[in-house]
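First comes the structure, then the notes that go with it.
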Amino acid sequence: MSDLRKEKLQKKDKRIVKLAVEGSHGARGKDTTFRTKDSISTVSCIDELHHDDNARIGVAIENTYQMGPDKRFSVAALTDILQDVLTSYLQEERYEVEWSQKMTKTICEVIRARVKDLLIPRYKIIILVHIGQLNGQSMQMDSRCLWDTSNDTSVSYSFKNRYLYGVATVYAIYVE
Amino acid sequence: MTGMEEFHNGSEGAFNSEEADNIVKECIESVVGGDDYSQSQVNKWTASIVERCLTQLVKSWKPYKYIVTCAVMQKTGAGLHTANSCYWDTAMDGSCTVRWENRTMNCVVSVFAVAIA
């Protein structure tokens, strides 16, 4: 369970949201469901990586008068990271429920750590990872963003083997 | 929704995930509510869902950049796991993920809101 958060000064890398969708079963973990005819809507819960027990007071950050980013993300470098991580973790693996749960979280963390290692300042990072079983089903993923197209970017990479598929996406948002 | 409590910290600047949640559910219902999975239409559906969600979110005129993702999957008993990890300012930014299903398909929509300045 997470505590109520106070305002924070520094950026923290702590959120991981995990969902499991297995066949026609209901949601795992805590969530709220209500039925509308034959459809169900659920909202997932959030797992916290770290707990911050000290209350932090929000402080206004001083204006840097910077008009744009000094360094931007290279799409090629991000694609390399995603390709590297997905292939190394998923090559020749079979889809298993418990293993996939852990693996999505692990891959998320690994990708985030490697993107942060690029040391590009003033960027917020969002990583999305999907791992699914290949069962002859059809699937469509779509994404739309309202952002500053000159500074913000996103990169996606998908991996497939005989038993499963993995899709990883990175969104990098510039902080003005 | 106890898991979402941390976003309701009372601060004006924080992202209201409950509001986003309702917006998203409404958009999904209006686009695919009552339909069965169709390979020819799914492309149109995902595009409609993300577009509608985005336009509705923008109507609140809050100083946020939004990222909306939608995944629609046919129900065949296959498993799917999704995770996300974010490096941002936890006081101001937030996310909301909604999972919706009917008899023939599953739909997962995630909204990420990143504060400007």
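Just so it is clear: chains get the letters A, B, ... in the order the sequence lines come, proteins before strands, and each one is counted from 1.
Smallest separation of non-hydrogen atoms from A/Thr104 and B/Thr82: CG2-N, 4.4 Å. Between A/Asn135 and B/Ala78, the shortest heavy-atom distance links the atoms CB-CB, 3.3 Å. Nearest heavy atom pair, residue B/Thr69 against residue A/Ser143, reads CG2-CB, 3.6 Å. Pairing each heavy atom of A/Leu128 with each of B/Phe112, the nearest pair is CD1-CZ, 3.2 Å. Pairing each heavy atom of B/Ile67 with each of A/Ile173, the nearest pair is CD1-CD1, 3.5 Å. Between B/Ala71 and A/Met139, the closest heavy-atom pair is CB-CE, 3.9 Å.
The cluster map of Ile, Leu, Val, Met, Phe, Trp and Tyr, joined by side-chain heavy atoms under 4.5 Å apart, puts B/Ile116 and B/Met92 in different clusters. Cluster annotation: A/Trp99 and A/Val129 are assigned to the same hydrophobic cluster (Ile/Leu/Val/Met/Phe/Trp/Tyr, side-chain heavy-atom contacts under 4.5 Å, transitive). Linking ILVMFWY residues whenever their side-chain heavy atoms come closer than 4.5 Å, directly or via other members, leaves A/Ile131 and A/Tyr163 in distinct clusters.
Heavy-atom distances place no part of B/Val109 under 4.5 Å from chain A, backbone and side chain included. In this structure, chain B has heavy atoms under 4.5 Å from both the backbone and the side chain of A/Asp148.
A donor-acceptor pair under 3.5 Å is formed between the side chain of B/Gln74 and the backbone N or O of A/Ser138.
Distance NE2/B/His81 to CD1/A/Ile107: 12.0 Å, rounded to 0.5 Å. The CG atom of B/Asn84 lies 10.5 Å from the OG1 atom of A/Thr169; values are rounded to the nearest 0.5 Å. With rounding to the nearest 0.5 Å, the separation of OG1 in B/Thr46 from CD in A/Gln140 is 4.0 Å. Rounding to the nearest 0.5 angstrom, the gap separating the OG atom in B/Ser48 from the CG atom in A/Asp142 is 9.5 Å. To the nearest 0.5 Å, atom OH of residue A/Tyr95 and atom CG of residue B/Leu80 are 6.5 Å apart. Atom CD of A/Gln137 is separated from atom CD of B/Gln39 by 11.0 Å, given to the nearest 0.5 angstrom.
A 6.0 Å sphere centred on NZ of A/Lys160 holds no more than 12 heavy atoms belonging to other residues, nucleotides or ligands. A 6.0 Å sphere centred on CD of B/Glu26 holds no more than 12 heavy atoms belonging to other residues, nucleotides or ligands.
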Begin from the C-alpha positions of A/Ile126 and B/Val114 and carry the test side chain to side chain contact (heavy atoms under 4.5 Å, CB included) through to its verdict.
CA-CA 10 Å; A/Ile126 296 170; B/Val114 177; 4.0 Å; yes
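Counting heavy-atom pairs under 4.5 Å between each of A/Ser100, A/Gly166, A/Gly136, A/Ala168 and chain B puts A/Ser100 at the top.
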